[in-house]
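What follows is a single structure, written as C-alpha cells, with notes after it.
Note that the structure is predicted; figures quoted are calculated from it, not measured. First listed ligand is number 1; within each ligand, the first listed atom is number 1.
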Amino acid sequence: MSRDDPGNQSADTKMNTIIEHIDPNNPDPEVIARAGDIIKKGGLVAFPTETVYGLGGDALNPEASAGIYAAKGRPSDNPLIVHIAETDSLDRIVRRIPDGAGKLADRFWPGPLTIIFEKSDAVPVQTTGGLDTVAVRFPEDRTAQALIKASGGYIAAPSANISGRPSPTRGEYVIQDLDGRVDMIICGDDSRIGLESTIVDMTSEEPVILRPGFITLEELGEVLPGITLDRGLISEDPDIRPKAPGMKYRHYAPRGELTIVEGDNESVISYINMKTGEASEKGLRTGVIAHDERTGMYKADLIAGIGRETEPEEAAHRIYTVLRRMDDEKIDVIYTESMSEGGIGTAFMNRLTKAAGHHIVRL
Ligand code: AMP
Ligand code: MG
C-alpha cells in the first residue's frame, strides 16, 4: 500500500489507488483508521475539507512531503500547509505563539484560516519548502479532523489537484487528477466553501494577509486592527512579488484561454458577444462565466452562472466547478464578468485573475 520511496514517484508510475466514499456527518471509523495507517507509514491520502479537497501526508515525515510534491507535480519551493485537529498541537511545531495569533486561533479555528508561525525543529524543511516558518490550519470538517487524529496529529496537505489545475471541490475531480498517483482518495460532499483558506502571516511585525479567502480582511480587522493585504497581491508592478511563495505561480487555470472583462454591463455584454462570435467563426468552442442576472444575454457554447450579484459567496463556492466544467466541455476560449473587490470579492478576483494569467480587458 505505502510506497518504498514516495519521493521518486513519477507521473507515469501508476499505483493502485483505493477509493472510499464516506458519510461526511458520520465518517466510517474503519475507513478513517485505515487511512490514518497509510499516512503514518508515509503514504498519501486525499480527503475532503470545508475549503477544497486536500492531498495529505505526514507533515513531520520529510519523505511523505516529498511524495506530495511528486504526486501533484508541485514546485518544491512552494510550502505545504500543516493541518492539526486541536489548537494544543501547535506547541510541538511552532517556536512561539504571538498574542495576535492566539486571538486569531480563538476566533476563527476550527475554520478556513491558515496562520504562519516560526517553525520548530520538529517540522522538516521538505514540508515548508525550505522556509523557517510553517503554515498551520485547524479545519472544521469532521472527516478531516478524524483523519488528522488517526494519522498522528499533523497532516501536510495542499489542494488535491495536479499543480496548476483548478482546486478540486468534489471527490470526482480529485479522482480525475490523482487516481493512480496516491494511496487512497476519500470522497465526501462537495466542499462547503469551495475556495482555499485565508493565509495570515504572524511572523512579521504587523500581521499581513498573504492569500485572501473566505475569512475577509474586514473580519480579520475586528480581531487585529492593523492587518493589511500583502502589497504583492494587489500591485500590478511585477517587481513587487507576493510574499506567499505559491502566489507567484499561474494557478487554478482551466485549459481554455480565460479573459476577464471589466466595465459597465452593457459594454461587457457586447464586447464578450463580439469576441465569442469571432471565435466561433474560427471553429473554436466558446464559454462565458456570468452572474445569474445576465446569463441569458450571452452567446456561447457553454454559459455558466456563478450566482446572483448579491450573493458573492455563491460565486466563490462555484468558481472552481465552473472552470472544471469548461474543461469537461472542451472549451477553447472563455470570457468572464468580474466582481467588485471587498469582502469575499477580493478572494474571488484574486483566484480569477490568477486563473486568467492576469489577462484582463478594461472597457
Ligand atoms: P495550497 O495548500 O496548495 O492551497 O497552497 C498553500 C499556500 O500556502 C501556498 O500559496 C504557499 O505559498 C502558502 N504557504 C505555505 N506555507 C507558507 C509559509 N511558511 N510562508 C508563506 N506562505 C506559505
Ligand atoms: Mg493549491
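For R285, the CZ atom counts as densely surrounded, since its 6.0 Å shell holds more than 12 non-hydrogen atoms of other residues, nucleotides or ligands. Shown here is E30, whose CD atom has more than 12 heavy atoms of other residues, nucleotides or ligands within 6.0 Å. Other residues, nucleotides and ligands contribute at most 12 non-hydrogen atoms within 6.0 Å of the CZ atom of R142.
Ion pairing between a basic and an acidic side chain is recognised when a charged N comes within 4.0 Å of a carboxylate O; E86 and K149 show no such pairing. One finds a salt bridge joining K275 and E278 here, because a Lys/Arg side-chain nitrogen approaches an Asp/Glu carboxylate oxygen to under 4.0 Å. With respect to D121 and R95, a salt bridge is recorded, a charged nitrogen being found less than 4.0 Å from a carboxylate O. With salt bridges taken as basic N to acidic carboxylate O contacts below 4.0 Å, one links R362 and E262. Comment: D328 does not engage R255 in a salt bridge, judged by the lack of any side-chain N to carboxylate O separation of less than 4.0 angstrom.
Atom numbering of ligand 1 starts at 1 in the shown order; those under 4.0 Å from a heavy atom of N78 are 9 (C), 11 (C), 12 (O). Listed by number with element, the atoms of ligand 1 under 4.0 angstrom from any heavy atom of T133 are 18 (C), 19 (N), 20 (N). Close contacts between ligand 1 and L131 involve ligand atoms 18 (C), 19 (N), 20 (N) [criterion: under 4.0 Å to a heavy atom].
Nearest protein heavy-atom contact of atom 14 (N) of ligand 1 is P79 CG, 3.7 Å. Among all protein heavy atoms, the one lying closest to atom 2 (O) of ligand 1 is P158 CA, 3.1 Å. Looking only at heavy atoms of the protein, atom 12 (O) of ligand 1 is closest to G246 N, 2.6 Å. Given atom 4 (O) of ligand 1, the protein heavy atom at minimum distance is R211 NH1, 2.8 Å. Taking atom 22 (N) of ligand 1 as the reference point, the nearest protein heavy-atom neighbour is P245 CD, 3.5 Å.
When heavy-atom distances to ligand 1 are checked against a 4.0 Å cut-off, I116 comes that close only through its side chain, counted from C-beta outward. Looking at V52 against ligand 1, nothing comes within 4.0 Å, counting heavy atoms. For T128, no heavy-atom contact with ligand 1 is shorter than 4.0 Å. For I199, every heavy-atom contact with ligand 1 shorter than 4.0 Å involves the side chain, none the backbone.
A donor atom on one side chain and an acceptor atom on the other are found under 3.5 Å apart for E196 and S167. Between the side chains of R137 and T49, at least one donor-acceptor pair of N or O atoms lies under 3.5 Å. Inspection of the T127 and S65 side chains reveals an N or O donor paired with an N or O acceptor under 3.5 Å.
The closest approach between any non-hydrogen atom of R74 and ligand 1 is below 4.0 Å.
Listed by chain and residue number, the protein N/O/S atoms under 2.8 Å of the Mg ion (ligand 2) are S159 OG, with waters left out.
Annotation for T198 and I209: closest pair CG2-CG2, 4.1 Å, computed over non-hydrogen atoms.
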